[in-house]
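Because only heavy atoms are used, hydrogens play no part in the values below, and waters and symmetry mates are left out as well, while side chains stay in. Quick note on labels: first sequence line is chain A, next is B, and so on, each numbered from 1. Source: prediction; values computed, not measured.
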Amino acid sequence: MSAANHATDGHARTPGPQGGANETPFRYTAPFANATEERWQARLEQAEAAGGGYRQPNPGEPGFDASRPKFYCLDMFPYPSGAGLHVGHPEGYTATDIICRFKKMKGFNVLHPMGWDAFGLPAEQYAIQTGVHPEVTTKKAIDNFRRQLKRFGFMYDWSREFATIDPDYYKWTQWIWLLAYNAWFDPKVKAARPISELEAALVSEDREITAMSADSAASGAASSASGATSSASGARVGVGVGVTKRWSACTKRERQVYLDGFRLAYLGTQTVNWCAKLGTVLANEEIIDGRSERGGHPVVRMPLKQWMFRITSYADRLLADLALVEWPDSTRTMQSEWIGRSEGAEIRFEVDGAHVENEFLSVFTTRPDTLFGATYMVVAPEHSLIARVVARGGDARLTEYVAWAKNRSDIDRQESKKKTGVSTGLFAVNPATGARIPVWTADYVLMGYGTGAIMAVPAHDERDFEFAKEFALPVLQVVDIAGVAWTGETATSGEGRAINSANTASGLSMNGMSTADAKRAAIAWLEAKGIGGLRINYRLRDWLFSRQRYWGEPFPVVYDAEGNHYPVSMTALPVALPPLADYRPIESSTPQPPLAKARDWTHTTAGAAGVDPALLPADTAVVRETNTMPGWAGSCWYYLRYCSPKDAQAFVDPAAERYWMLSRKKSAKGTGESSADAASVAAPTSYDAATCHAGGVDLYVGGSEHAVLHLLYARFWHKMLFDLGKVSTPEPMGKLFHQGLITSHAYQRADRTLVPIDEVEERGEGQCVEKATGEQVTQIVAKMSKSLRNVVNPDDVIAEYGADTFRLYEMYMGPLEASKPWNTRDIIGVFRFLQRAWRLAVDERTGDVLCAAVADATIEKQLHRTIAKVGEDIERLSFNTAIAAMIELVNAATRPSDMTDATKGGMTHDQLVRFACVLWPFAPHIADELGERLGVAGGLHGMQWPAFDPAMLVDSEVEIAVQVQGKVRARITVPTAASAAEIEAMALAHPQVLPHLGEKPPKKVVVVPGRMVNIVL
RNA sequence: GGCCCUGUGGCGGAAUUGGCAGACGCAGCGGACUUAAAAUCCGCGGCCGCGUAAGCGGUGUGUGGGUUCAAGUCCCACCGGGGCCA
């Protein structure tokens, strides 16, 4: 078969652009590779325009094959930044592309979508810098990203593409938020339920409720929701002021406030991190060392009404269900540490003092066994108790201290060596000893952890001890730790035996008990006394979901004149982001969302805004919420939308969601060869924990920088949707994989300062010197950065070698999960491999295919082994070794320099087709081109993964090592089936072994058939 | 400070279950082809010592111990690099 036979598209015979005297116009050069790739990509565009291409139909759609198993493979969608793709993007995308192409050849229905995470701070900041509307810059960046990704030839189903900024998408983001707004977490069933069910129960049972002010309600219920997981369910945390009333006796307003205290999306007054420069509030996790993660601007703390998500309700389940997913252990550990479950006790201390009466101070401690050692208490400067003391005329030093401490970052507060604080003038009563102990405020206690107050046990806590020393507060040892002498000079921490811990008056006696027993005794005593009990505390805080920015999803909420909030009806969505001439944030010391500037939009009526008339008459004047959602919002559920991206009736079509997200657990036996048997079992129709996989997406690949936040938020949304019956699996991502960071090189002077890569010259022998000074520098691995001038632009690399080479290079660099340095010099290696592979099949002078007439038995065997090895390696994401195997095959089959003599080396037509199929997932363009020249029309995507004969994987003979005392002394070739006794006899008789054997017979001979022999003397 | 990951030639890495360390690639060296160069093809290659050579001996996976017939792999301690929580 010659190339001329299928030169129908007029391109196949086009010589590589190498000039007139070129003798090898069909050589696989970079221009030839680029031309070939672009030709195949143009064809793909045509096919896509005609409804084909790599489109994957859904169940019920034309062309859908129900007999095939499904595989949903997802990349973390990118922020389309103005800078375009960096080399890190195609790393994960190539990996998933290889797996998807492989799975397709193995007979799977493959969902492999791509889209854009286009809202959020970076897009807005970029727009602000360039002075162009974010929508314009974002869409331009998307177009550029799409162009770049298409140039890599990824097998995405582009018909499913969307961006989070599309109104058709964020309409449903708002819809999900409304679901959360209209839901509460029922601690009895540990699941979300519609809030209408809570309301119905309150009405029918006419329950007694504690009516509260709007401000305290939200935080109060939030605390009780997490407290509900402990046995201390009745205990209120902090100082709550409320009146108990029957539901029927409550006003409409009181009922509303009460219900608001349960919503999963609620309005709470929070001490927030206000970044004046960015004009927005930031989540704790967006702040590093007291400055904004993005931009490094200072952040101050102030109270603000914000929309929150009650993610703490899900702390237990978010923790427990980590066991159900195939995620890297490191990621699961990070999430569980982020959730930070700790078991301890809540203890309520009575407070009395000049200004405050009948109050109590609640603390959380992991060491209730040390209660007798609590010689003073400390509350955070932000604690509500302090505010009240100040309001009732507390002394000036206290006021001053609170003002000073308020803006110190959490890090500063915890790390500063010198402890600061002032006495509040109040006293609390230690319930165990009956002693009056002073209440201090100090910034080393944070409002964000526990209750914002601690009982200080200076004898056994380092920080409490330092504080007690600083202010001459009493220290009492209550734990005797074996092997650690008590000197009074330093705190002793750890477990031991309780001492000085008995009081007949209070009835608590723990002396002699182990720490574990003492904890139990203390908790039992607290419960009996009704002043506390077992409590599970979480580090996890509720999720601050409001941002004072323009470029985000508007909240579907309006406020009446009194400031009461009302949801926009689901049927009135989307609440479209209004056009705004000046969208810049308002840089100020007080929060002012930019959307407030769109007065025509913000000031409207309930009817125009789409509020249910049953909630508020249509002509009521209302003001829209001007905060927007954070960048995380759109990425919390995009994987669901891909299942049915155009659905206008629902956020996801239930049948499509079920098909792509729900799957059976893999049977224990099924290793690798799973295509045929998986299809024979009918797809499940509903989730069953015993037989179904908890996670939906079969493989999710992305960077580990998203190990906590994005993945925790997405899991939270998914669990809400699961509870409310909107999705069919309890977890969003069944299997997760993090690709490693691609780093680069930089050079370091003797004084450890860095030198940009282009200011260094190599002088051979691995010696490098700085051009300007001649100083010797050493090569180190560093992150790619503009300042080090070591950023690699994928477009440049493709122009120089082609996309197939780029893909191959990134996969060949090393293990996918490892962080690896980019080394441009190494790219030539995989490029040469593709050249050799090409030359194996194609005459470089004529473009005709070159096939061996007769199959070489050795090559045939190696081909089978390569097919087996590459298939296994793809399944375990070991692409570097798969490529090495292909290189070995091609090297073995490569002819000597006379490349026209088809009788020497090479592969037969049939072998070349099979090889092209194996190469296709990695380097699809060259493989498709080879395939076509070999007579497979229209590309290889319809081909099956080639079969291998297991018999071909075994040799009849094997060479094994013979060791004497663990040292290799000889190698013998034995039949694979040889018995241990036969091998032993051969080994002992070997001439190279004999001299090493002593006079006496060997003590022992270890024979591992097929591996080695070890003779022990 | 605690937990986790990691350390293999000049470089990237391989060794999937404790079983021949260094696959494959880069860089390097030698040869063939060529007027020459590039390209291509063939070959060499951890380090040290001996040998003209094929080869032989020793040593070798951050350091020091241990388990084992056998350790890059398992255990303990330490050192360096990275991450997470403090």
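The minimum heavy-atom distance between A:Gly906 and A:Ala852, with the atom names listed, is C-CB, 4.2 Å.
A syn base is found at B:G9: its glycosidic angle is within 90° of 0.
Taking atom CD1 on A:Ile972 and atom P on B:G19, their separation rounds to 19 Å, with Å as the unit. Look at CZ on A:Arg332: it is 19 Å from P on B:C84, rounded to the nearest Å. In this structure, A:Leu840 places its CG atom 14 Å from C1' of B:U40, rounding to the nearest Å. A:Ile887 has its CD1 atom 8 Å from the P atom of B:C26, to the nearest Å. Atom CH2 of A:Trp338 is separated from atom P of B:C85 by 6 Å (rounded to the nearest Å). Separating the NZ atom of A:Lys820 from the P atom of B:G13 is a distance of 8 Å, rounded to the nearest angstrom. The distance from atom CD of A:Glu872 to atom C1' of B:U17 is 14 Å, rounded to the nearest whole Å. One interatomic measurement links the two molecules: CD of A:Glu844 to C1' of B:C41, which rounds to 13 Å at whole-angstrom precision.
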Would you tabulate the side-chain donor-acceptor contacts of residues 867-874 of chain A under 3.5 Å, counting partners in other chains and residues two or more places apart, or write 'none'?
from: A:Lys869; atom 1: NZ; to: A:Asp873; atom 2: OD2; distance (Å): 3.2
from: A:Asp873; atom 1: OD1; to: A:Arg876; atom 2: NE; distance (Å): 3.3
from: A:Asp873; atom 1: OD1; to: A:Arg876; atom 2: NH2; distance (Å): 3.1
from: A:Asp873; atom 1: OD2; to: A:Thr881; atom 2: OG1; distance (Å): 2.8
from: A:Asp873; atom 1: OD2; to: A:Ala882; atom 2: N; distance (Å): 3.2

Name each donor-acceptor pair under 3.5 Å that joins a side chain in residues 1001-1017 of chain A to protein atoms two or more places apart or in another chain, with its distance.
from: A:Asn1014; atom 1: OD1; to: A:Gly966; atom 2: N; distance (Å): 3.0

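Side-chain proximity of A:Lys1004 to B:G10, B:C69, B:A14: nearest is B:C69. If you check B:C84, B:U59, B:G25 against the side chain of A:Lys967, the one that comes closest is B:U59. Of the candidates B:C41, B:C56, B:G10, B:C56 carries the atom nearest the A:Gln992 side chain, counting heavy atoms from C-beta on. The side chain of A:Asp826 sits closest to B:G12 out of B:C24, B:C41, B:G12. Counting only heavy atoms from C-beta on, A:Met334 has its side chain closest to B:C84 among B:C84, B:C24, B:C69.
Comparing B:G43 with B:U6, their P atoms are spaced 37 Å from each other, to the whole Å. With both ends at atom P, the span from B:U73 to B:C48 equals 25 Å, rounded to whole Å. Taking atom C1' in both B:A77 and B:C24, the straight-line distance is 36 Å, to the nearest Å. Taking the P atoms as reference points, B:C69 lies 35 Å from B:G80, given to the whole Å. Taking atom C1' in both B:U8 and B:U63, the straight-line distance is 15 Å, to the nearest Å. If you take atom P in B:G46 and the same atom in B:C41, they sit 23 Å apart, rounded to whole Å. Comparing the P positions of B:C79 and B:G64 gives a spacing of 15 Å, expressed to the nearest Å. Atom name C1', nucleotides B:C29 and B:G82: the rounded distance is 36 Å, in whole Å.
Applying a 4.0 Å cut-off to non-hydrogen atoms, the residues of residues 1007-1016 of chain A that approach RNA chain B are A:Val1008, A:Arg1011, A:Met1012, A:Asn1014, A:Val1016, listed by residue number. Heavy-atom distances under 4.0 Å link RNA chain B to A:Lys869 of residues 864-871 of chain A, given in residue order.
No cation-pi contact links A:Arg715 to A:Trp338, judged by a cut-off of 6.0 Å to the six-membered ring centre and 45° from its axis.
Nucleic acid contact for A:Ile828: sugar-phosphate only, since backbone atoms but no base atoms lie under 4.0 Å from a heavy atom of the residue. Counting non-hydrogen atoms under 4.0 angstrom, A:Thr881 reaches the backbone sugars and phosphates but no base. Across all strands, A:Glu817 comes closer than 4.0 Å to no nucleic acid atom at all (heavy-atom distances). Among the protein residues, A:His996 comes within range of the sugar-phosphate backbone only, with heavy atoms under 4.0 Å from sugar or phosphate atoms but none that close to a base.
Applying the side chain to side chain contact (heavy atoms under 4.5 Å, CB included) criterion to A:His86, with sequence neighbours excluded, gives A:His89. The side chain to side chain donor-acceptor pair (under 3.5 Å) check on A:Asp461 picks up nothing, with sequence neighbours excluded. Under the rule for a salt bridge (Lys or Arg N to Asp or Glu O under 4.0 Å), A:Glu337 has no partner lying at least two apart in sequence or in another chain. Under the ring pair (Phe, Tyr, Trp, His ring centres under 6.0 Å) criterion, A:Phe467 pairs with A:Tyr376, A:Trp440, A:Tyr444, A:Phe471, sequence neighbours left out.
The aromatic rings of A:Tyr28 and A:Phe831 are tilted relative to each other, their planes meeting at an angle between 30° and 60°.
Within the 4.5 Å cutoff, the side chain of A:Val701 has heavy atoms near those of the A:Gln739 side chain.
Between A:Gln335 and the phosphate of B:C84, there is no side-chain N or O to OP1/OP2 separation shorter than 4.0 Å. OP1 or OP2 of B:A14 has at least one side-chain nitrogen or oxygen of A:Asn880 nearer than 4.0 Å. Within the 4.0 Å cut-off from OP1 or OP2 of B:G58, at least one side-chain nitrogen or oxygen of A:Arg969 is found.
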**OP:** Step by step, work out the side-chain contact (heavy atoms from CB on, under 4.5 Å) result for A:Val890 and A:Phe915.
**Re:** CA-CA 9 Å; A:Val890 167; A:Phe915 170 70; 3.5 Å; yes
**OP:** In sequence, state the C-alpha distance, the side-chain angles, and the governing distance for A:Val325 and A:Leu736, and then conclude on side-chain contact (heavy atoms from CB on, under 4.5 Å).
**Re:** CA-CA 8 Å; A:Val325 289; A:Leu736 173 70; over 6 Å; no
Original post:
Going through the checks in order, is the side-chain contact (heavy atoms from CB on, under 4.5 Å) test met by A:Val457 and A:Arg367?
Top reply: CA-CA 9 Å; A:Val457 184; A:Arg367 294 295 299 269; over 6 Å; no
Original post:
So what does the secondary structure string of RNA chain B come out as, 5' to 3', with Watson-Crick or wobble pairs under 3.5 angstrom, [ ] for crossing and | for pairs with another strand?
Top reply: (((((((..(((......[....))).(((((.......))))).(((((....)))))..(((((..]....)))))))))))).
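Defined by atom type and a distance below 3.5 Å, a donor-acceptor pair is missing between the side-chain atoms of A:Asp955 and A:Thr976.
Residue pairs meeting the salt bridge (charged side-chain N to carboxylate O under 4.0 Å, His left out) criterion with at least one partner in residues 808-824 of chain A, sequence neighbours excluded, are A:Glu91-A:Lys820. Sorted by first and then second residue, the salt bridge (charged side-chain N to carboxylate O under 4.0 Å, His left out) pairs involving residues 879-891 of chain A (not counting sequence neighbours) form an empty list.
In this structure, A:Phe806 has its ring center closer than 6.0 angstrom to the ring center of A:Trp822.
Mapping A:Val830 and A:Gln963 onto RNA chain B by nearest heavy atom places A:Gln963 at the nucleotide closer to the 5' end.
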Polar-atom pairs under 3.5 Å, protein N or O versus N or O of nucleotides 32-39 of chain B: list them with distances, or write none.
from: B:A39; atom 1: O2'; to: A:Arg27; atom 2: NH2; distance (Å): 2.7

